[in-house]
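Structure first, commentary second.
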Number of protein chains: 2
Amino acid sequence: MREVADRAGVAMSSVSRVLSGHPDVSPVMRERVMATVDELGYQPDLLAQSLRRRATLTVALVVGDIANPLFAEIVTGAERELRAAGYSMLLANSDRAPDRDAAHIRLFQQRRVDGLLLSLAAEDHEPTVELLRATDTPVVLLDRDVDGGLVASVVQSDHRSGVRAATEELLALGHRRIGLILGGPMRPTRERRAGLTDAYESRGIDVPDLILEGVLSAEHGREAARDLLNREDPPTALISGGNQLLVGCLAEIVERGLRIGRDISLASCDAIPMTDLYQPPIAVVRRDNREIGRTAARLLLDRLRDDARPPETVTLPTTWVRRPSCGPVG
Amino acid sequence: MREVADRAGVAMSSVSRVLSGHPDVSPVMRERVMATVDELGYQPDLLAQSLRRRATLTVALVVGDIANPLFAEIVTGAERELRAAGYSMLLANSDRAPDRDAAHIRLFQQRRVDGLLLSLAAEDHEPTVELLRATDTPVVLLDRDVDGGLVASVVQSDHRSGVRAATEELLALGHRRIGLILGGPMRPTRERRAGLTDAYESRGIDVPDLILEGVLSAEHGREAARDLLNREDPPTALISGGNQLLVGCLAEIVERGLRIGRDISLASCDAIPMTDLYQPPIAVVRRDNREIGRTAARLLLDRLRDDARPPETVTLPTTWVRRPSCGPVG
DNA sequence: GATAGGGTCGCAATCGATTCCAGAATCGAC
DNA sequence: GTCGATTCTGGAATCGATTGCGACCCTATC
């Protein structure tokens with residue numbers, strides 16, 4: 001920049017004003033500076049700008065596992081929205097470890113990111129919550145209920161209605177023993193459980209003891225399915241609360257040689273290509289994952305543009321998609 | 001930092017020396033500073049550090065589509081490796097648009113990232129290549145051959161052997177008309193084509209005109225499959241050159257009601273959960289995607305640590321996994 | 001007791017920008 | 001011709017750190 005200023009025979013402040021579109025600059029000066037700028041191919045140092053302007057135009061996104069198609073799509077949506085607004089995205093994996101969430105939040109604060117998009121590994125991890133409560137960088141949570149007076153925007157999905165619809169359909173098909181395989185103790189899990197319960201209760205039927213919580217992984221999906229299917233009075237239908245869990249479920253079902261839709265009915269949360277293409281196609285509680293990412297980014301950007309804007313909570317819909325994987329009870 | 005210095009009654013330079021582990025610092029001074037540091041909960045500003053040290057501890061990764069499971073896993077591997085080395089990762093999507101590659105590279109250079117990990121959308125996009133040639137930030141390319149005197153490290157996969165093995169197997173099963181559905185004109189596509197050709201030629205058979213190039217998307221996969229299957233003399237086996245293409249292929253096959261492994265044989269590059277769990281399971285040319293990401297990150301880190309280190313090219317293996325989706329010709 | 005030398009510490013410049021403030025230049029009006 | 005108002009421009013402080021260099025103190029040696 002000094003080089004540009006010297007070469008153009010003007011002060012650095014003038015160069016700065018031209019480049020940042022300041023109004024107080026004469027046409028001749030603008031002309032002169034612009035000429036030297038692209039004569040030298042000068043590009044301003046965003047690092048120095050960030051330091052001085054106290055804004056990095058950077059947002060960090062922390063998720064449990066980028067390789068999970070759900071998150072991959074959320075990331076895609078968020079990245080597009082952020083890019084359009086001129087922001088760059090730092091991405092980090094927590095590997096579902098709450099401590100790593102905290103470490104990342106600390107790190108990104110030191111990097112002076114303008115905002116945080118978080119899919120926390122736990123809702124009640126004290127160090128993390130403490131950190132978030134103390135910070136004044138805007139935060140958007142993805143499908144998490146964090147208590148303790150934390151003020152943050154939230155983007156959540158209406159899992160409850162979706163799973164309720166799924167359960168109602170299975171009940172209507174005559175199923176009474178419906179297994180539900182869930183991830184960790186967080187909002188989506190609670191909502192899905194509630195959705196199942198809703199459906200049973202609206203029919204005045206007792207909810208059978210076939211709900212298994214664990215962690216959002218294929219391994220747990222498989223073990224849970226095995227556990228349920230090994231029981232004396234096994235479920236006639238399974239609902240998987242996540243695409244990774246479905247993969248495990250399906251592995252177990254395939255190994256047992258069960259015919260989906262006949263020997264056992266199957267439904268899952270979160271569509272992936274496999275759910276659509278499997279034979280028979282697998283019923284799903286679908287949602288628009290990219291829209292989740294876009295909405296989260298938008299909520300954050302709104303707060304970045306307007307300091308006084310209060311945090312909001314947005315609930316996005318889910319839709320139950322019936323498919324042949326759900327058949328009448330055998 | 002000034003606050004810490006004042007409160008401890010020492011100079012800022014001393015605080016800096018203590019925190020950065022400089023040797024010229026007495027134990028009593030270290031004690032004194034450390035005490036005030038965690039009394040005030042002081043955390044250094046990484047932005048200012050980066051400006052002064054001329055190193056941001058940041059690496060940018062540009063891919064065509066994060067939602068593609070292949071990239072999602074590469075990203076995972078790279079992120080883990082970078083994080084372990086203390087680096088943060090900026091992630092950007094090019095949406096397979098070469099211009100966006102160039103824009104991102106420019107942007108990240110202005111952000112003074114220490115290195116670039118690139119899965120370019122095109123190998124011969126002049127602005128991009130020009131940019132890379134001019135820059136002196138270390139670059140690692142993912143499975144791309146870029147000419148024009150560009151010096152960069154490369155991580156590539158041995159697609160050729162994998163597809164050759166697949167083709168040989170199909171030929172041994174009696175197939176003669178094998179369709180190959182490919183992505184854009186880049187290294188993996190060329191290699192896969194060569195693999196198929198190798199296999200045919202080693203048997204002394206002419207390669208049939210059943211190779212379709214396009215773009216790495218489910219839509220193209222579907223259209224290509226439709227095109228091939230509509231021909232007068234359609235292929236008896238299909239090889240898909242990528243998991244997204246497979247999704248499209250499979251959609252077309254399912255719609256036509258073809259029985260995989262009987263009416264038509266099917267193989268794909270790049271395993272996803274679906275290939276393993278489908279009934280019948282789908283044969284794949286498998287590779288270790290996370291290892292690709294890890295290796296790329298490692299190559300970059302090596303060059304960041306040692307300025308003089310020359311760029312390297314690493315070729316990672318693929319394995320052909322035979323599965324019932326490949327059956328004898330009907 | 002004077003001096004050399006090693007170990008610490010503080011001052012101030014620097015990284016590359018932005019922005020406040022004051023002063024110069026321009027112009028028109030009297 | 002002078003003054004005042006207006007518009008631009010340049011100087012210098014600032015953002016929050018790092019680091020070269022000189023000053024200081026203390027100890028050991030003659």
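Throughout, a chain's letter reflects where its sequence line sits, starting with A, and its residues are numbered from 1.
- Here B/R112 does not reach the OP1 or OP2 of C/dG16: none of its side-chain N or O atoms lies under 4.0 Å away.
- Looking at heavy-atom distances under 4.0 Å, A/D45 makes contact with sugar-phosphate atoms alone, never a base.
- Distance B/E31 CD to C/dT8 P: 15 Å, rounded to the nearest Å.
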Table of protein N/O atoms under 3.5 Å from nucleotides 18-21 of chain C N/O atoms:
residue, atom, partner, partner atom, Å
C/dT18, OP1, A/Q49, NE2, 3.0
C/dT18, OP1, A/R53, NH2, 3.2
C/dT18, OP2, A/S16, OG, 2.5
C/dT18, O2, A/R52, NH1, 2.5

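- Counting only residues at least two apart or in different chains, salt bridge (charged side-chain N to carboxylate O under 4.0 Å, His left out) contacts with residues 51-68 of chain A are absent.
- One atom, CD of B/Q110, and another, C1' of C/dC15, lie 17 Å apart when rounded to the nearest Å.
- B/R96 contributes a side-chain N or O that, together with a main-chain N or O of B/L216, makes up a donor-acceptor pair within less than 3.5 Å.
- To the nearest angstrom, C1' of C/dC15 lies 15 Å from CG of A/L46.
- Between the side chain of A/S153 and the backbone N or O of A/E312, at least one donor-acceptor pair lies under 3.5 Å.
- Rounded to a whole Å, the CG atom of B/D6 is 13 Å from the C1' atom of C/dG10.
- Here D/dA23 presents its P atom at 17 Å from CG of B/D24, a figure rounded to the nearest Å.
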Protein-nucleotides 22-27 of chain C N/O pairs under 3.5 Å:
none

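- Relative to the axis of its first five pairs, the axis of the last five pairs of the helix from C/dG1-D/dC30 to C/dC30-D/dG1 sits at 70°, rounded to 10 degrees.
- Side-chain N/O atoms of A/T315 and A/Q156 include a donor and acceptor closer than 3.5 Å.
- For A/S26 and D/dT9, the shortest distance from a side-chain N or O to OP1 or OP2 is below 4.0 Å.
- Atom-to-atom, CD of A/Q43 to P of C/dA17 comes out at 11 Å; the value is rounded to the nearest Å.
- Computed from coordinates, the B/R54 CZ to D/dT19 P distance equals 12 Å when rounded to whole Å.
- A/N289 meets the side-chain hydrogen bond (donor to acceptor under 3.5 Å, both in side chains) test with A/E73; sequence neighbours excluded.
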Going by atom type alone, with no hydrogens or angles, which donor-acceptor pairs under 3.5 Å involve a side-chain atom of residues 107-126 of chain B and a protein atom two or more places apart or on another chain?
residue, atom, partner, partner atom, Å
B/Q109, OE1, B/T135, OG1, 2.6
B/Q110, NE2, A/P44, O, 3.0
B/R111, NE, A/S88, OG, 2.9
B/R111, NH1, A/T56, O, 3.1
B/R111, NH1, A/T58, OG1, 2.9
B/R111, NH2, A/T56, O, 3.4
B/R111, NH2, A/L57, O, 2.7
B/R111, NH2, A/S88, OG, 3.3
B/R112, NE, A/D45, OD2, 3.1
B/R112, NH1, B/Q109, O, 2.9
B/D114, OD1, B/T56, N, 3.1
B/D114, OD1, B/T56, OG1, 3.3
B/D114, OD2, B/T56, N, 3.3
B/D114, OD2, B/L57, N, 2.7
B/E123, OE1, B/R190, NH1, 2.9
B/E123, OE1, B/R190, NH2, 3.1
B/E123, OE2, B/D145, N, 2.8
B/E123, OE2, B/R187, N, 3.0
B/E123, OE2, B/R190, NH2, 3.4
B/H125, ND1, B/T128, OG1, 2.6
B/H125, NE2, B/D99, OD1, 2.9

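- A donor-acceptor contact shorter than 3.5 Å links the side chain of A/T76 to the backbone of A/A72.
- Not a single donor-acceptor pair under 3.5 Å links the side chain of A/T189 to the backbone N or O of A/P185.
- A/T36 and A/R7 form no side-chain donor-acceptor contact under 3.5 Å, judged by distance and modelled atom types alone.
- Using a 4.0 Å cut-off between charged nitrogen and carboxylate oxygen, B/R298 and B/E291 count as a salt-bridge pair.
- If you find the closest nucleotide of DNA chain C to B/R30 and to B/L51, the one lying nearer the 5' end belongs to B/R30.
- Although no hydrogens or angles enter the test, the distance criterion places a donor-acceptor pair under 3.5 Å between the side chain of A/N93 and the main chain of A/I66.
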